[in-house]
Protein chains: 2
Amino acid sequence: MSAQKLSVPRLSDAVAETLERQILDGVFKSGDRLPAERELAVSLGVSRPSLREAIQKLASRGLLRSRQGGGTFVTGQLDAAFFDPWQEMLGAHPELRTDVAELRRVLASEAAEWAAKRRTPEDMTRLVQTFTALRGALSAAQGEFVQAGGGFGETSLPTAQDKDGIETLIASDAAFHQAVAEAAHNAMLGHLYAAVLRLLVDDIRLNFSELREVSRAFSLLASQYSTLFEAIRDQRPAAARAAVEAHLDFVAESMAQSLRAAARRETAAQRLQSHPDFSGGAIAAVASFSSHA
Amino acid sequence: MSAQKLSVPRLSDAVAETLERQILDGVFKSGDRLPAERELAVSLGVSRPSLREAIQKLASRGLLRSRQGGGTFVTGQLDAAFFDPWQEMLGAHPELRTDVAELRRVLASEAAEWAAKRRTPEDMTRLVQTFTALRGALSAAQGEFVQAGGGFGETSLPTAQDKDGIETLIASDAAFHQAVAEAAHNAMLGHLYAAVLRLLVDDIRLNFSELREVSRAFSLLASQYSTLFEAIRDQRPAAARAAVEAHLDFVAESMAQSLRAAARRETAAQRLQSHPDFSGGAIAAVASFSSHA
DNA sequence: TAAATACAAAGGTATGACCATTTTACCTTT
DNA sequence: AAAGGTAAAATGGTCATACCTTTGTATTTA
């Protein structure tokens with residue numbers, strides 16, 4: 001009578017839960033486009049109306065957004081829940097960037113350790129992909145610099161090609177770190193780390209830009225990435241943690257140098273023209289970085 | 001171009017809005033049965049799939065409830081909307097709670113270590129305040145239990161006073177941990193930790209509720225809190241980290257026990273009446289917890 | 001009268017088709 | 001070779017129909 005009858009589970013609810021789960025697990029990331037409804041319905045083994053009802057449910061919760069003719073996209077509301085308040089805070093208090101970087105170090109360390117413990121073969125394929133792409137982007141960006149590095153007067157005038165190289169490098173870097181975080185198999189950590197990386201994207205860009213003018217810097221980075229990758233591949237958690245911490249310590253030190261260099265450049269832009277070998281100082285700085293590893 | 005185009009209004013959205021409006025206006029009152037989908041579709045001038053999508057949207061928000069063969073009814077649930085998206089996720093995917101708890105352990109460990117390193121005198125005054133309040137709430141809640149603990153048959157019937165004790169205990173616990181996190185002097189960590197604690201409040205409540213029925217549990221907790229507090233006070237980072245990790249490992253183990261106990265209670269509610277000394281098992285369980293510290 | 005049965009109603013699901021919009025590829029033009 | 005435009009493919013949006021399962025109720029039967 002008054003008791004609740006056991007309700008028959010609706011198929012659309014199960015589908016919605018599956019999709020939600022996949023979004024949560026990073027199978028579909030923020031901004032990704034879902035497969036077409038017809039394909040997705042087949043791959044899920046349900047009819048299109050059932051899938052559509054599930055999509056509508058998630059869309060009504062703001063997790064998905066559909067555009068006729070375009071596709072259905074993951075809105076990234078989950079990441080935004082972390083990201084938005086923080087970005088606001090960062091805008092008002094730029095000095096918090098060091099706090100974010102510090103937090104990132106913690107999250108990345110833990111992610112690397114867990115990834116080394118829990119990675120699956122599927123994780124490895126993605127890690128290999130992103131690692132390979134990152135190595136390629138690294139050498140490509142380095143190659144561009146070496147190629148055009150003869151004229152030192154242009155260092156403050158990046159070409160469009162340079163900018164593309166840096167951007168793909170940033171994207172590759174983020175993708176690799178994200179792959180590590182997702183190999184840790186903790187959905188919260190994965191989304192949180194994505195949000196933190198987005199917060200730091202400006203710093204990362206600045207850092208890469210400065211670092212690419214130092215020929216040895218990128219090979220250092222490459223070796224650091226390799227160490228991390230191999231530690232996860234060989235399932236050595238402590239080594240993975242150490243590798244990512246060494247990498248981020250190097251990055252942090254480099255960041256401090258970059259900020260100082262940027263400030264210096266502000267006041268001495270003209271003098272750079274007459275002292276084209278200033279980068280020797282940067283090379284010396286990188287040499288000191290290597291002692292951190 | 002890439003900016004957001006004005007999206008074509010979906011018919012199902014318009015239908016959902018119409019239905020919601022009619023429910024709000026009292027055309028369909030609470031508990032009413034909506035017209036059959038086929039009739040309603042005709043009367044609204046839309047197809048049944050479109051109407052169904054609209055109904056699913058409202059059902060996913062709790063406004064409607066459909067029973068196969070019965071009909072679609074208006075539930076009195078008005079405006080249960082606008083949760084934290086992560087809160088919703090946790091509701092739909094309970095297995096995520098372990099992820100959150102795992103993340104919390106990381107954050108709390110780091111917070112404790114940093115707090116021991118960086119705490120200021122001002123931090124100490126707040127730590128003392130919250131720690132004292134927590135100890136008070138702990139013994140108060142324990143006292144309530146001991147006072148009313150004679151009749152074991154009532155353990156599943158918490159009084160209003162019990163509930164208040166638990167709630168103040170939860171608040172005190174959160175305040176103390178939050179004070180530790182803020183003594184770490186990383187604003188991002190502080191905000192993040194607060195958010196994570198909010199996500200876990202239900203688990204913490206459940207855990208305290210189960211734990212308070214075991215007389216020795218609260219004194220164990222009190223000693224754990226003391227160890228953490230003293231480590232921060234004496235600026236011993238490693239000890240602080242160890243203390244909070246021991247505490248959270250105990251909590252995690254206790255949580256697992258609580259969930260098992262809750263599940264057991266579900267199926268054996270009657271037997272509890274005839275076996276009032278069941279709590280002896282819980283005490284034994286807690287005794288095993290102490291080996292984790 | 002009460003239990004069992006049968007029928008109708010209602011929601012749940014599946015299939016197929018067609019429409020509107022967007023995206024993409026190709027082709028023409030400059 | 002680059003720019004622009006047009007057509008085709010892709011994709012979500014909508015509709016119609018059919019069939020199934022569950023529920024509610026009227027009918028039949030013991």
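Side-chain atoms are counted along with the backbone in the values below, which use heavy atoms only and exclude waters and symmetry mates. Note that the coordinates shown come from a computational prediction; the quantities given were computed from them, not determined experimentally. Numbered from 1 within each chain, the chains take letters A, B, ... in sequence-line order.
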To the nearest Å, give me how far apart [atom1] ([X]) and [atom2] ([N]) are.
{"X": "A/I55", "N": "D/dG13", "atom1": "CD1", "atom2": "C1'", "answer": "12 Å"}
{"X": "B/Q68", "N": "D/dC19", "atom1": "CD", "atom2": "C1'", "answer": "12 Å"}
{"X": "B/L58", "N": "C/dG11", "atom1": "CG", "atom2": "P", "answer": "14 Å"}
{"X": "B/L64", "N": "C/dG12", "atom1": "CG", "atom2": "P", "answer": "11 Å"}
{"X": "B/D13", "N": "D/dG12", "atom1": "CG", "atom2": "P", "answer": "16 Å"}
{"X": "A/R67", "N": "D/dG12", "atom1": "CZ", "atom2": "P", "answer": "10 Å"}
{"X": "B/Q56", "N": "C/dG11", "atom1": "CD", "atom2": "P", "answer": "11 Å"}
{"X": "B/F73", "N": "D/dT23", "atom1": "CZ", "atom2": "C1'", "answer": "10 Å"}

Original post:
Of A/E53 and A/R38, whose closest DNA chain C nucleotide lies nearer the 5' terminus?
Top reply: A/E53

Subject >> Upstream residue (5' side of DNA chain C) when B/P35 and A/G70 are each assigned their closest nucleotide >> reply: B/P35

**OP:** Enter the distance from A/L134:CG to A/F176:CZ here, rounded to the nearest 0.5 Å.
**Re:** 6.5 Å

Name all residues meeting the side chain to side chain donor-acceptor pair (under 3.5 Å) criterion together with [X]; count only those two or more places apart in sequence or in a different chain, and write none if there are none.
{"X": "A/R233", "value": "none"}
{"X": "A/S30", "value": "A/D79"}
{"X": "A/R135", "value": "none"}
{"X": "A/K117", "value": "A/E113"}

Original post:
Given that B/S12 and A/G69 both sit by DNA chain D, which one's nearest nucleotide is further toward the 5' end?
Top reply: A/G69

Original post:
According to a strict under-4.0 Å criterion, is A/R33 in side-chain N/O contact with OP1 or OP2 of D/dT11?
Top reply: yes

Subject >> Side-chain N or O of B/S66 closer than 4.0 Å to phosphate OP1/OP2 of C/dG11 >> reply: no

Original post:
Quick one: the side chain of A/R52 and the base of D/dG12, do they pair up donor-acceptor inside 3.5 Å?
Top reply: no

**OP:** Indicate yes or no: at least one non-hydrogen side-chain atom of A/E167 is less than 4.5 angstrom from one of A/R205.
**Re:** yes

**OP:** Would you list the pairs meeting salt bridge (Lys or Arg N to Asp or Glu O under 4.0 Å) in which at least one residue belongs to residues 11-26 of chain B, sequence neighbours left out?
**Re:** B/R10-B/D13, B/D13-B/K57, B/E20-B/R61, B/R21-B/D25

Original post:
Partner of C/dT30 by Watson-Crick or G-U wobble geometry, both contacts under 3.5 Å, or none?
Top reply: D/dA1

Subject >> Strand-adjacent residues in residues 39-51 of chain B, judged by heavy atoms under 4.0 Å from DNA chain C >> reply: B/E39, B/R48

